[in-house]
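Note: hydrogens, waters and symmetry copies are ignored here, and every other heavy atom, side chains too, is used.
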Amino acid sequence: MSSEFESYEQDFAVLTADITGRIGKVPKLVGDEKKQMVANVEKQLEEARELLEQMELEVREIPPQSRGMYSSRMRSYKQEMGKLEADFKRSRIAYSDEVRNELLGDDGNSSENQRAHLLDNTERLERSSRRLEAGYQIAVETEQIGQEMLENLSHDREKIQRARERLRETDANLGKSSRILTGMLRR
């Protein structure tokens, strides 16, 4: 069983070395060559993943007393695979940036123009934010003033109602005293 595992190890080593070499070439190529190289690396990475799966299956079949050594090898192979995938991703990002620049006709100057435009937009956004904040403060102050006015009006209403009530009482008392005086005058 370990001979199968060792065979897979050799295949994995050859494949990862080839992938590493191709990943290094990706940023240096242009056009269709670059696209072809990216496609080839993706295929090889898939093959490497399949080899790792086969190796894992072999490790499971190894007797438990010998399995520890092979398990540690598998961990290192998985780490190596993760590193390869990360390197490939970085080279693809560089590749996609270059393709984008080629398609859009970007060069260093437009990058600087974009940066300046972005800074202008950021500054404009900050000014707008400050204006909004000032507007919000004014709205809060206006709301407070309105609330104070409503409270004052409420107090004034209460005063007017009390005065009206006193007027009614006074009117009633005047009516009563007028009747009493009229009665007294008749006697």
Side-chain angles (χ1 to χ4, degrees), residues 19-20 22-32 34-39 41-43 45-46 48-49 52-53 75-76 78-187:
I19 292 171
T20 303
R22 288 179 188 234
I23 288 174
K25 292 178 185 177
V26 168
K28 298 172 188 168
L29 299 175
V30 291
D32 289 336
K34 198 175 256 193
K35 289 177 187 175
Q36 184 65 36
M37 184 65 73
V38 166
V41 171
E42 286 175 342
K43 287 178 187 174
L45 283 171
E46 186 59 36
R49 284 186 212 101
L52 279 177
E53 288 176 15
R75 280 192 295 277
S76 69
K78 286 179 182 178
Q79 287 174 349
E80 185 176 348
M81 187 69 191
K83 183 182 176 301
L84 281 174
E85 288 173 340
D87 290 345
F88 180 59
K89 187 175 182 181
R90 277 194 294 273
S91 73
R92 281 192 70 182
I93 290 171
Y95 163 66
S96 65
D97 286 347
E98 290 173 12
V99 169
R100 181 184 61 79
N101 290 342
E102 287 173 13
L103 289 173
L104 297 175
D106 285 353
D107 57 1
N109 291 336
S110 70
S111 176
E112 287 298 318
N113 290 341
Q114 287 177 347
R115 179 178 167 81
H117 187 66
L118 182 63
L119 289 173
D120 288 343
N121 286 343
T122 303
E123 186 177 322
R124 195 173 305 137
L125 182 63
E126 287 174 359
R127 280 195 308 265
S128 297
S129 295
R130 285 192 295 271
R131 279 192 221 128
L132 282 172
E133 185 67 32
Y136 177 75
Q137 289 295 336
I138 290 171
V140 167
E141 290 172 9
T142 305
E143 184 179 1
Q144 289 173 346
I145 291 170
Q147 182 134 12
E148 290 172 6
M149 289 176 69
L150 283 175
E151 288 174 7
N152 288 342
L153 287 172
S154 175
H155 291 302
D156 290 348
R157 180 180 179 178
E158 289 173 8
K159 287 179 186 175
I160 290 171
Q161 285 176 341
R162 283 195 302 267
R164 193 177 284 161
E165 188 62 37
R166 280 191 220 127
L167 274 174
R168 285 187 191 132
E169 288 175 10
T170 305
D171 189 38
N173 288 337
L174 280 175
K176 200 187 264 184
S177 60
S178 175
R179 282 190 300 268
I180 292 172
L181 284 174
T182 306
M184 288 170 71
L185 283 174
R186 284 184 193 161
R187 288 188 206 154

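Contacts classified as salt bridge (charged side-chain N to carboxylate O under 4.0 Å, His left out) and involving residues 124-140 (residues at least two apart or in different chains) are given here: E123-R127. Note on residues 168-181: no pairs pass side-chain hydrogen bond (donor to acceptor under 3.5 Å, both in side chains), not counting sequence neighbours. The salt bridge (charged side-chain N to carboxylate O under 4.0 Å, His left out) analysis of residues 136-162, with sequence neighbours excluded, yields no pairs.
Residue Q161 holds its CD atom at 7.0 Å from CZ of R164, rounded to the nearest 0.5 Å. Interatomic distance, CZ of R22 versus OG of S91, reported as 13.0 Å (0.5 Å rounding). I23 contributes atom CD1, which lies 5.0 Å from atom CG of L84 (distance to the nearest 0.5 angstrom). Here the CG-CG distance, from D120 to L125, works out to 12.5 Å after rounding to the nearest 0.5 Å. The NE2 atom of H117 sits 10.0 Å away from the OG1 atom of T122 when rounded to the nearest 0.5 Å. Note: L45 CG to I19 CD1 = 4.5 Å, rounded to the nearest 0.5 Å.
Side chains of V38 and F88 form a contact here, defined as non-hydrogen atoms less than 4.5 Å apart. At least one side-chain heavy atom of E85 sits under 4.5 Å from a side-chain heavy atom of M81.
Taking the charged nitrogens against the carboxylate oxygens, E46 and R49 do have a contact shorter than 4.0 Å, which makes a salt bridge.
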